[in-house]
Amino acid sequence: MRIATWNVNSLRARIDRVADFLKRHDVDVLALQETKVKDDKFPRERFDELGYEIAFHGLNQWNGVAIASRVGLQDVTVAFPEQPGWGDDEPVVEARALGATVGGGTREDGTAVPRVRLWSLYVPNGREIGHPHMDYKLRWLHTLAGHAGQWAAEETPLVLMGDFNVAPLDTDVWDIAAFEGLTHVTPPEREAFGALEQAGLVDVVRPHTETDTYTYWDYQQLRFPKRQGMRIDFALGSPSFAELVTGAFVDREERKGKGASDHAPVVVELGGSEAGTRA
DNA sequence: ATGGCTTTTTATAAAAGA
């Protein structure tokens with residue numbers, strides 16, 4: 001079974017790329033972020049045609065998350081408990097978190113599909129050090145981490161996937177010196193990301209990738225051809241999920257060409273359960 | 001050079017991204 005996550009930076013602008021990606025890599029489940037589409041304009045027909053069930057949540061042109069699955073899609077949850085909102089007087093809980101349970105059935109060939117509890121997450125950017133959005137980002141991550149331990153203790157393997165907007169290691173950016181005074185690499189952000197790891201989650205992709213593997217390259221300054229990127233998109237799994245993982249990669253090809261998102265998809269390969277392993 | 005790119009909107013300038 002293959003599960004992927006991708007910040008598409010507008011789903012409607014890239015729906016053909018998404019369809020090609022699903023086919024090319026034989027992806028069973030895809031978590032999307034920054035769909036930038038309100039629910040009433042979501043291109044659900046495209047997923048129907050491709051044979052995927054789809055859950056989505058978008059309030060306006062900002063943010064937006066979705067989960068597509070061709071191995072079942074159940075118990076969809078919009079937002080996590082106590083998810084912080086954004087705004088002065090009446091904070092709005094933005095479209096940044098969508099949970100669903102996928103898999104759990106049997107394939108046509110009789111092999112078992114692992115059952116997985118999945119969250120598609122789009123962590124607030126933070127904007128600038130000292131900006132209220134940074135406080136929002138930190139509260140958002142710490143609140144999420146406050147629930148992660150309990151979720152990870154459930155029987156169903158858990159994975160939090162998405163754009164975390166934090167580069168946990170200095171080597172996760174192309175030049176740490178160039179990030180002096182900028183967001184994504186500050187100690188408070190790394191601590192907030194670390195809280196998820198302290199809750200028992202592990203990065204299931206890093207062990208399968210090179211140190212200089214990135215998931216994001218700025219549209220400006222020719223960052224992609226210069227290989228000047230950031231690793232900020234992750235799949236954090238519970239121990240039981242991590243045991244299922246047999247491989248992972250970043251699809252760098254998706255960042256190439258006209259009409260690419262500034263993020264590349266991250267793909268996680270799962271082996272079968274005891275009941276059967278897919279060939 | 002207070003930008004350089006890309007997307008959205010009941011647009012056509014401003015916000016957001018990172």
Side-chain angles (χ1 to χ4, degrees), chain A residues 5-18 32-43 46 56-66 84-88 91-97 120-138 140-141 162-190 192-193 212-234 250 252 254-266:
Chain A
T5 183
W6 192 4
N7 176 323
V8 284
N9 183 17
S10 173
L11 179 59
R12 285 173 295 173
R14 263 171 274 291
I15 187 66
D16 291 337
R17 271 185 178 259
V18 170
L32 293 161
Q33 301 87 38
E34 261 204 288
T35 53
K36 288 186 164 180
V37 59
K38 221 187 289 189
D39 284 351
D40 59 8
K41 290 185 177 176
F42 193 96
R46 295 299 301 272
F56 47 88
H57 177 48
L59 301 173
N60 49 40
Q61 72 269 46
W62 309 122
N63 318 303
V65 280
W86 171 244
D88 285 334
V92 173
V93 175
E94 298 181 305
R96 295 178 177 275
S120 177
L121 302 169
Y122 180 39
V123 177
N125 168 292
R127 298 186 187 169
E128 292 172 19
I129 293 172
H131 192 286
H133 209 262
M134 177 62 93
D135 176 61
Y136 171 47
K137 175 181 193 173
L138 297 175
W140 204 96
L141 277 168
D163 177 359
F164 287 78
N165 270 321
V166 177
L169 306 180
D170 285 357
T171 49
D172 291 335
V173 295
W174 56 277
D175 177 9
I176 191 63
F179 284 78
E180 179 71 37
L182 298 182
T183 59
H184 292 60
V185 297
T186 67
E189 289 168 283
R190 288 177 171 176
F193 184 89
D212 62 351
T213 299
Y214 303 130
T215 66
Y216 164 88
W217 299 260
D218 199 307
Y219 283 127
Q220 304 184 58
Q221 308 277 359
L222 297 174
R223 292 295 185 216
F224 182 65
K226 289 179 180 171
R227 298 184 173 267
Q228 298 176 338
M230 305 169 73
R231 186 196 289 242
I232 53 177
D233 299 85
F234 298 94
V250 175
R252 202 173 173 283
E254 267 303 336
R255 184 61 180 77
K256 297 180 179 177
K258 196 167 181 283
S261 168
D262 43 4
H263 292 253
V266 179

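A straight line from CZ of A/Arg223 to C1' of B/dC5 spans 12 Å, rounded to a whole angstrom. Across the protein-nucleic acid pair, A/Glu34 atom CD and B/dA15 atom C1' stand 12 Å apart, rounded to whole Å. In this structure, the NZ atom of A/Lys258 is 14 Å from the C1' atom of B/dC5, given to the nearest Å. A/Asp172 places its CG atom 16 Å from the P atom of B/dA18, with the value rounded to the nearest Å. Distance A/Asp262 CG to B/dA16 C1': 11 Å, rounded to the nearest Å. Between the CG atom of A/Asn125 and the P atom of B/dG17 there is a distance of 5 Å, given to the nearest Å. Between A/Gln228 atom CD and B/dA18 atom P there is a gap of 18 Å when expressed in whole angstrom units. Atom-to-atom, CZ of A/Phe164 to C1' of B/dA18 comes out at 16 Å; the value is rounded to the nearest Å.
DNA chain B forms stems at B:5-9 with B:13-17, each a run of 3 or more consecutive Watson-Crick or G-U wobble pairs whose two key distances fall under 3.5 Å.
With values rounded to the nearest 0.5 angstrom, A/Glu128 atom CD is found 8.5 Å from A/Thr183 atom OG1. Residue A/Arg96 holds its CZ atom at 8.0 Å from CD of A/Glu34, rounded to the nearest 0.5 Å. To the nearest 0.5 Å, atom CG of residue A/Asp262 and atom CG of residue A/Asp218 are 7.0 Å apart. Note: A/Asn60 CG to A/Glu94 CD = 7.5 Å, rounded to the nearest 0.5 Å.
Between B/dT7 and B/dT2, the distance separating the two C1' atoms is 22 Å to the nearest Å. B/dA11 and B/dT6: their P atoms are spaced 24 Å apart (whole Å). To the nearest whole angstrom, the two P atoms, one in B/dA18 and one in B/dA13, are 25 Å apart. Nucleotides B/dA15 and B/dT10 place their P atoms 15 Å apart, quoted to the nearest Å. With P as the reference atom, B/dA16 and B/dA1 are 28 Å apart, rounded to whole Å.
Taking only side-chain nitrogens and oxygens, A/Tyr122 comes nearer than 4.0 Å to OP1 or OP2 of B/dA18. Distances shown here put a side-chain N or O of A/Arg127 below 4.0 Å from the OP1 or OP2 atom of B/dG17. Phosphate proximity of B/dA18 to A/His263: present, with a side-chain N or O under 4.0 Å from OP1 or OP2. Look at A/Asn7 and you won't find any side-chain N or O under 4.0 angstrom from OP1 or OP2 of B/dG17.
A/Arg96 comes within 4.0 angstrom of sugar-phosphate atoms only, judged by non-hydrogen atoms across all strands, and of no base. A/Asn165 comes within 4.0 angstrom of the backbone, heavy atoms only, and of no base.
Salt-bridge check for A/Arg190 with A/Asp170: passed, with a basic side-chain N closer than 4.0 Å to an acidic carboxylate O.
The backbone N or O of A/His133 sits nowhere less than 3.5 Å from a side-chain atom of A/Arg127 that would complete a donor-acceptor pair. A donor-acceptor pair under 3.5 Å is formed between the side chain of A/Arg17 and the backbone N or O of A/Gly259.
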Interface polar pairs with nucleotides 6-9 of chain B, N/O, under 3.5 angstrom:
residue: B/dT7; atom: O3'; partner: A/Ser10; partner atom: OG; Å: 3.2
residue: B/dT8; atom: OP1; partner: A/Ser10; partner atom: OG; Å: 2.7
residue: B/dT9; atom: OP1; partner: A/Arg12; partner atom: NH2; Å: 3.3

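Remark on DNA chain B: of its neighbouring residues A/Thr183 and A/Gln220, the 5'-side contact belongs to A/Gln220, judged by nearest-heavy-atom nucleotide.
Using a 30° and 60° split on the angle between ring planes, A/His263 and A/Tyr216 fall in the tilted class, from 30° to 60°.
Judged purely by distance below 3.5 Å, without hydrogens or angles, the side chains of A/Glu254 and A/Ser261 never pair a donor atom with an acceptor atom. Counting only N and O atoms by type, the side chains of A/Lys137 and A/Asn125 include no donor and acceptor under 3.5 Å apart.
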